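A short write-up of the structure that comes next.
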Amino acid sequence: MERRVPRGATAWQVLEGDHRGGRGDDAVVVARVGGDLRDLDAEVAEGDVVEAVTAGSPDGLAVLRHSAAHVLAQAVQAARPDARLGIGPPVTDGFYYDFDVEVPFTPEDLQGLQKAMGRIVKEGQRFRRRVVTEDEARAELADEPYKLELIGLKGPGGSGAGEEVAEGASVEVGGGELTIYENVRRDGSVAWRDLCRGPHAPSTKALGNAFALTRSAAAYWRGDQANAQLQRVYGTAWATKEGLTAYVERLAEAERRDHRRLGTELDLFSFPDEIGSGLAVFHPRGGVVRREMEDYSRRRHEESGYSFVTTPHITKKDLFETSGHLDWYADGMFPPMHLDEVRDADGTLRRQGQDYYLKPMNCPFHNLVYRSRGRSYRELPLRLFEFGTVYRYEKSGVVHGLTRVRGMTQDDAHIYCTREQMAAELGSLLDFVLGLLRDYGLDDFYLELSTRNPDKSIGSDADWEEATEALRHAAGTSGLELVPDPGGAAFYGPKISVQARDAIGRTWQMSTIQVDFQLPQRFELEYQAADGTRQRPVMIHRALFGSIERFFGVLLEHYAGAFPPWLAPVQVVGIPVAGDFAPHLHDVAARLRAQGVRVEVDDSDDRMQKKIRTHTKQKVPFLLIAGAEDVEKGAVSFRFRDGSQDNGVPVDEAVARVVEAVRTRAQV
RNA sequence: GCCAGCAUGGCGCAACUGGUAGCGCACCCGACUUGUAAUCGGGCGGUUGCGGGUUCGAGUCCCGCUGCUGGCUCCA
């Protein structure tokens, strides 16, 4: 809804006629005036195009959340007069505000703060915008050192524009004039104020009862580890109570799917404390899933012209000196084992020791395989594949389930090709990657192109440019959305990563494809060209799963534990209605087993209903139930995970159905 | 690495302000023999993550370590 306006009117006066009584998602929170978001009480100029922005729209929600952050900050400063303000922007699904406080917040504090926010919301405080000069702002915010810092960064002296002041700080100062937002009570007194660019909802009332504080955590000021650590309070806010409820339900669903929880419930893997942080063991059932994942991947790689290699887990440090890993990533590697040093009784060194490192990457080893003899152009592209286990010393605070571990197995391959082959190889590689991911059940992708970070890279501009363009071209032919990631590349070359959306809409970085001109140089890799000259190959690094552990975790969450039959640890469980019918099921099981199906017959003394419950909770895809009727007819009855049934299916057909589902990797 | 919180039998949880560990599931034994998500009865199992300290007495309070959780920073 757009309108042209008369002189001197506020945005709201322009919109009012059309939007009176808008509530919930339809409530108007701000206006878009000539493309910019403005407060509803902002004066608009003659001829301006004014558009209503509703609470339910993405912009409206962001404004609402930003306003919620102000209410939070007001509540915090009321409860903790010592609290100094950091920044408080809206984020996905909510907002946060950073505070410098003497004592960190406890969960109980959060409850109290949420109540206090409720009172502020009920009070219906008005958000009032006031333009200030830099001097005025400095005077008013003399007690807020962080705000002063932001003013300084943005101020006329500091050419803040365009520079990244701090993530989220743009909501405080932004471009243009400095403004302060005041929360004004009904009696006209000012309850609280904050340096803020705005815009804001007209009143705290707009938040209704559709907000909640979710957690508190520390965060570095301006995102820099060298800076002071502030206490961040996170909250969520929605246009309606229903929106909040749906969000809470979404979190609950994610919680139910959490691979760490499912890993325990389904007896797939564990992280024994004795081994150390971030190091998983896979139990028999998890082992089956892993093996199926790997076997299928191996087969597909074989069909696609890959050669298989195997390399050790540790190496003398020379290798990582050659590769440059020790220069770039020593911090992320496990410290060396110092071996073979010999000293005399008096301590004099008799023999120099050796440092051995656990490998954090497989590529240097593959380069040694390449270099083990002379190579001809006729061999290229040479594709070396390995399920290579690597160890990385992830910092203690970042280890997380299977998605961030210290020991993992990569489905790693390195492709050595000529420059001329590079573009075609990248194109077919991307097809291969996406096809394989689809076979595992992921089908919603976008691509990210990570380009050079000048401060953290080596190599010539021309090389980077050529590689980046080759990747961009490959991405273009895939037809998928391509999101730029400037500066996100590794030091040795640009990369494309495949991001997959899972069943509940979360995105995960899956495969990566990286072009590398550096390692071939460092390892002096060569091949003999058709004209007899020695040439340097290009190297492409690629992993589809990233790590098997991580991919396992992603699939586990994607399927909420209900793997398709080909991956399911147990594919079929036979459940006799009574003990007498167990032999019939054992016969059926034998026939399935002969076809390679993982099948069990539950002939324990549990009740049938209990067995159904047990194996349904274990997410077994096919339950085959048999009673007198089935035995007479030479049949079995299917029960599926969703509770649906298919009774009296002849055994031949039942076996064929299960085998077919496994063979086609269908979900049931 | 930083901040905060947490750690009780295989799993999920309980034990008021410090008074010497309890429940459900799982597991084992027995009875029951049943048509689509929990049959009944009995039993086993924990020196409360590890190490110190305070106290007449510590699951509970204090210190250190390990691990986990949520963030921040990082993620080749």
Side-chain angles (χ1 to χ4, degrees), chain A residues 96 98 101 103-110 167 214-234 258 260-261 264-265 267 270-279 320 323-325 327-333 360-363 390 392-401 403-405 410 450 456-457 488-493 495 509 512 514 516 519 541 543 546 550 575-582 603 605-618 623-630 637-641 643-648:
Chain A
Y96 66 79
D98 288 343
V101 283
V103 184
F105 300 104
T106 64
E108 296 73 50
D109 290 336
L110 255 51
E167 191 196 347
T214 48
R215 60 179 74 94
S216 66
Y220 299 106
W221 169 239
R222 296 177 59 204
D224 189 336
Q225 206 165 351
N227 288 342
Q229 203 162 44
L230 308 182
Q231 293 299 315
R232 175 171 297 180
V233 177
Y234 281 94
D258 190 307
R260 294 164 298 182
R261 168 204 276 254
T264 304
E265 286 176 1
D267 195 14
S270 60
F271 292 91
D273 293 353
E274 293 83 343
I275 300 179
S277 184
L279 298 165
F320 291 128
S323 68
H325 284 97
D327 291 340
W328 292 90
Y329 300 117
D331 287 350
M333 294 167 65
M361 285 186 94
N362 299 302
C363 34
V390 298
R392 299 180 178 180
Y393 188 72
E394 301 287 359
K395 287 188 290 183
S396 62
V398 307
V399 171
H400 178 92
T403 56
R404 195 80 181 269
V405 291
Q410 295 182 313
S450 301
K456 286 170 81 176
S457 58
F491 72 91
Y492 51 77
K495 77 171 176 202
Q509 178 178 316
T512 58
Q514 295 189 258
D516 185 351
L519 281 185
H541 305 242
R550 187 184 141 82
I575 299 177
V577 169
D580 289 347
F581 313 118
D603 47 15
D605 347 314
D606 280 335
R607 293 292 203 260
M608 176 194 62
Q609 289 86 338
K610 176 62 183 299
K611 294 178 184 179
I612 289 172
R613 177 184 156 84
T614 301
H615 299 107
T616 302
K617 284 183 72 175
Q618 284 295 306
L623 301 187
L624 294 185
I625 296 170
E629 292 172 32
D630 296 293
S637 295
F638 279 86
R639 181 190 162 100
F640 301 95
R641 289 181 288 216
S644 64
Q645 311 174 21
D646 197 352
N647 295 331

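In what follows, every chain begins at residue 1, and chains take the letters A, B, ... in the order their sequences are listed. Nothing here was measured: the structure is a model prediction, and the numbers come from that model.
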Worksheet item: Whole Å only: how far is the NZ atom of A:K611 from the P atom of B:rU34?
Response: 12 Å
Worksheet item: With respect to the side chain of A:M608, which nucleotide from B:rG71, B:rC2, B:rG35 is positioned closest?
Response: B:rG35
Discussion item. Counting the atoms with a prime plus P, OP1 and OP2 as sugar-phosphate, which does A:F491 contact under 4.0 Å by heavy atoms, base, sugar-phosphate, or nothing?
Written reply: nothing
Discussion item. Closest-nucleotide mapping onto RNA chain B: is A:L279 or A:G488 further toward the 5' terminus? I mean the 5' end.
Written reply: A:L279
Item to complete: Taking atom C1' in both B:rC50 and B:rU8, compute the distance separating them and give it to the nearest angstrom.
Response: 15 Å
Practice prompt. May I ask you to test the A:M333-A:Y393 pair for a side-chain heavy-atom distance under 4.5 Å?
Written response: no
Worksheet item: Given B:rA76, B:rC72, B:rG70, which nucleotide is nearest the side-chain atoms of A:R392?
Response: B:rA76
Practice prompt. Measure from the side chain of A:T616, starting at C-beta and using heavy atoms only, and say which of B:rC74, B:rA37, B:rC68 lies closest.
Written response: B:rA37
Practice prompt. Keeping the roles fixed (side chain from A:R550, backbone from A:Q509), state whether a donor-acceptor pair exists under 3.5 Å.
Written response: yes
Worksheet item: With the threshold set at 4.0 Å, does a side-chain nitrogen-carboxylate oxygen contact exist between A:R222 and A:D224?
Response: no
Worksheet entry | Side-chain N,O (A:Y234) to OP1/OP2 (B:rC72) below 4.0 Å | yes
Worksheet entry | Sub-4.5 Å side-chain heavy-atom contact between A:F581 and A:D630 | no
Practice prompt. Take the protein atom NE2 of A:H400 and the nucleotide atom C1' of B:rC68, then report the distance between them rounded to whole Å.
Written response: 11 Å
Worksheet item: Any donor-acceptor pair under 3.5 Å joining the side chain of A:R607 to the base of B:rC32?
Response: yes
Worksheet item: For the pair made of CG in A:D630 and C1' in B:rU36, what is the distance, rounded to whole Å?
Response: 11 Å
Item to complete: Could you tell me whether A:D605 contacts a base, only the sugar-phosphate backbone, or nothing, with contacts defined as non-hydrogen atoms closer than 4.0 Å?
Response: base
Would you tabulate the nitrogen or oxygen pairs shorter than 3.5 Å linking the protein to nucleotides 63-66 of chain B?
none

Item to complete: Would you tell me if any nitrogen or oxygen in the side chain of A:K617 comes within less than 4.0 Å of OP1 or OP2 on B:rC11?
Response: no
Worksheet item: How long is the line joining CZ of A:R232 and C1' of B:rG71, in whole Å?
Response: 8 Å
Worksheet item: How far apart are the closest heavy atoms of A:E394 and A:V405, and which atoms are they?
Response: CG-O, 3.3 Å
Worksheet item: Using a 3.5 Å cut-off on both pairing distances, which stems of three or more Watson-Crick or G-U pairs include RNA chain B?
Response: B:1-7 with B:66-72, B:10-13 with B:22-25, B:27-31 with B:39-43, B:49-53 with B:61-65
Discussion item. Using a 4.0 Å heavy-atom cut-off, does A:A218 contact any base of the nucleic acid, only the sugar-phosphate backbone, or nothing at all?
Written reply: base
Worksheet entry | 5' precedence on RNA chain B between A:D224 and A:D258 (nearest-nucleotide basis) | A:D258
Discussion item. Can you identify which nucleotide, out of B:rG71, B:rA76, B:rU36, has its nearest atom closest to the A:R215 side chain?
Written reply: B:rG71
Discussion item. As a test of reading the structure: which of B:rA76, B:rC72, B:rU36 is closest to the side chain of A:A490, going by heavy atoms?
Written reply: B:rA76
Response to the item:
Sorted by chain and number, sequence neighbours left out, salt bridge (charged side-chain N to carboxylate O under 4.0 Å, His left out) with A:R392 holds for none
Worksheet item: Phosphate oxygens OP1/OP2 of B:rC75: is one of them under 4.0 Å from a side-chain N or O of A:K456?
Response: yes
Practice prompt. Return the value, rounded to whole Å, for the distance between atom CD of A:Q514 and atom P of B:rC75.
Written response: 13 Å
Item to complete: Give A:G278 one of three labels, base, sugar-phosphate or nothing, depending on what nucleic acid heavy atoms sit under 4.0 Å from its own.
Response: sugar-phosphate
Worksheet item: Reckon A:G643 touches a base, only the sugar-phosphate, or nothing at all at heavy-atom distances under 4.0 Å?
Response: nothing
Worksheet item: If you check every side-chain atom of A:K395, which of B:rG70, B:rC74, B:rA37 has the closest atom?
Response: B:rC74
Fill in: Distance-only polar pair, side chains of A:Q645 and A:N647, donor-acceptor under 3.5 Å
yes
Worksheet entry | Main-chain N/O of A:A626 paired with A:S637 side-chain donor or acceptor, under 3.5 Å | no
Worksheet item: Rounded to the nearest Å, what distance is computed from the CD atom of residue A:Q225 to the P atom of nucleotide B:rC74?
Response: 8 Å
Worksheet item: Just checking A:D331: base, sugar-phosphate only, or nothing, at a heavy-atom cut-off of under 4.0 Å?
Response: nothing
Discussion item. Looking only at the side chain of A:A578 (C-beta and beyond, no hydrogens), which of the listed nucleotides B:rU33, B:rG35, B:rG1 gets closest?
Written reply: B:rU33
Practice prompt. Could you work out which one of B:rU69, B:rG71, B:rU73 sits closest to the side chain of A:V398?
Written response: B:rU73
Fill in: Pair of N/O donor and acceptor under 3.5 Å linking B:rC75 base with A:E394 side chain
no
Worksheet item: Any N or O donor-acceptor pair linking the side chain of A:Y220 to the base of B:rG1 at under 3.5 Å?
Response: yes
Worksheet item: When you compare B:rG10 with B:rC6, how far apart are their P atoms, in angstrom units rounded to a whole number?
Response: 23 Å
Worksheet entry | Residue A:A628, side-chain atoms from C-beta onward, closest of B:rG71, B:rG35, B:rU34 | B:rG35
Item to complete: Considering non-hydrogen atoms only, spot the tightest contact between A:A490 and A:Q514 and give its length.
Response: CB-NE2, 3.4 Å
Worksheet entry | C1' gap between B:rC29 and B:rU47, integer Å | 28 Å
Worksheet item: Can you find a donor-acceptor pair, distance only, under 3.5 Å between A:R639 side chain and B:rA37 base?
Response: yes
Item to complete: Let me know the distance between CG of A:D580 and P of B:rG35, rounded to the nearest Å.
Response: 12 Å
Item to complete: Identify whether any heavy atom of A:Q609 sits under 4.0 Å from a base atom; if not, whether one sits that close to sugar-phosphate; answer base, sugar-phosphate or nothing.
Response: sugar-phosphate
Worksheet item: Is there side-chain contact between A:L519 and A:H541, with at least one heavy-atom pair below 4.5 Å?
Response: yes
Item to complete: Quote, to the nearest angstrom, the P distance that separates B:rU54 from B:rC16.
Response: 25 Å
Discussion item. Is the ring pair A:W328/A:F491 parallel, tilted or perpendicular, if the boundaries are 30 and 60 degrees?
Written reply: parallel
Worksheet item: Tell me: CG of A:D606 to P of B:rG35, nearest whole Å?
Response: 15 Å
Worksheet item: Relative to the ring of A:F638, is the ring of A:F640 parallel (under 30°), tilted (30 to 60°) or perpendicular (over 60°)?
Response: parallel
Worksheet entry | B:rG71 to B:rG12 separation - C1' atoms, rounded to the nearest Å | 26 Å
Fill in: Polar side-chain contact A:S637-B:rG35 base: donor and acceptor under 3.5 Å
yes
Worksheet, complete the sentence: Exactly one of A:D646, A:L624, A:I575, A:I612 clears side-chain contact (heavy atoms from CB on, under 4.5 Å) with A:R639, and that residue is A:I612
Fill in: Euclidean distance for P, B:rA58 against B:rA21 (whole angstrom)
12 Å
Worksheet item: B:rC74 base to A:R404 side chain: any donor-acceptor pair below 3.5 Å?
Response: yes
Response to the item:
So CD of A:Q618 and CG of A:L623: to nearest 0.5 Å the spacing works out to 11.5 Å
Fill in: Nearest to side-chain heavy atoms of A:R613, which nucleotide of B:rA38, B:rC2, B:rG71
B:rA38
Practice prompt. Can you tell me, in whole Å, how much space there is between the C1' of B:rG59 and that of B:rG1?
Written response: 31 Å
Item to complete: For B:rC32 and B:rG70, measure between their P atoms and round to the nearest Å.
Response: 49 Å
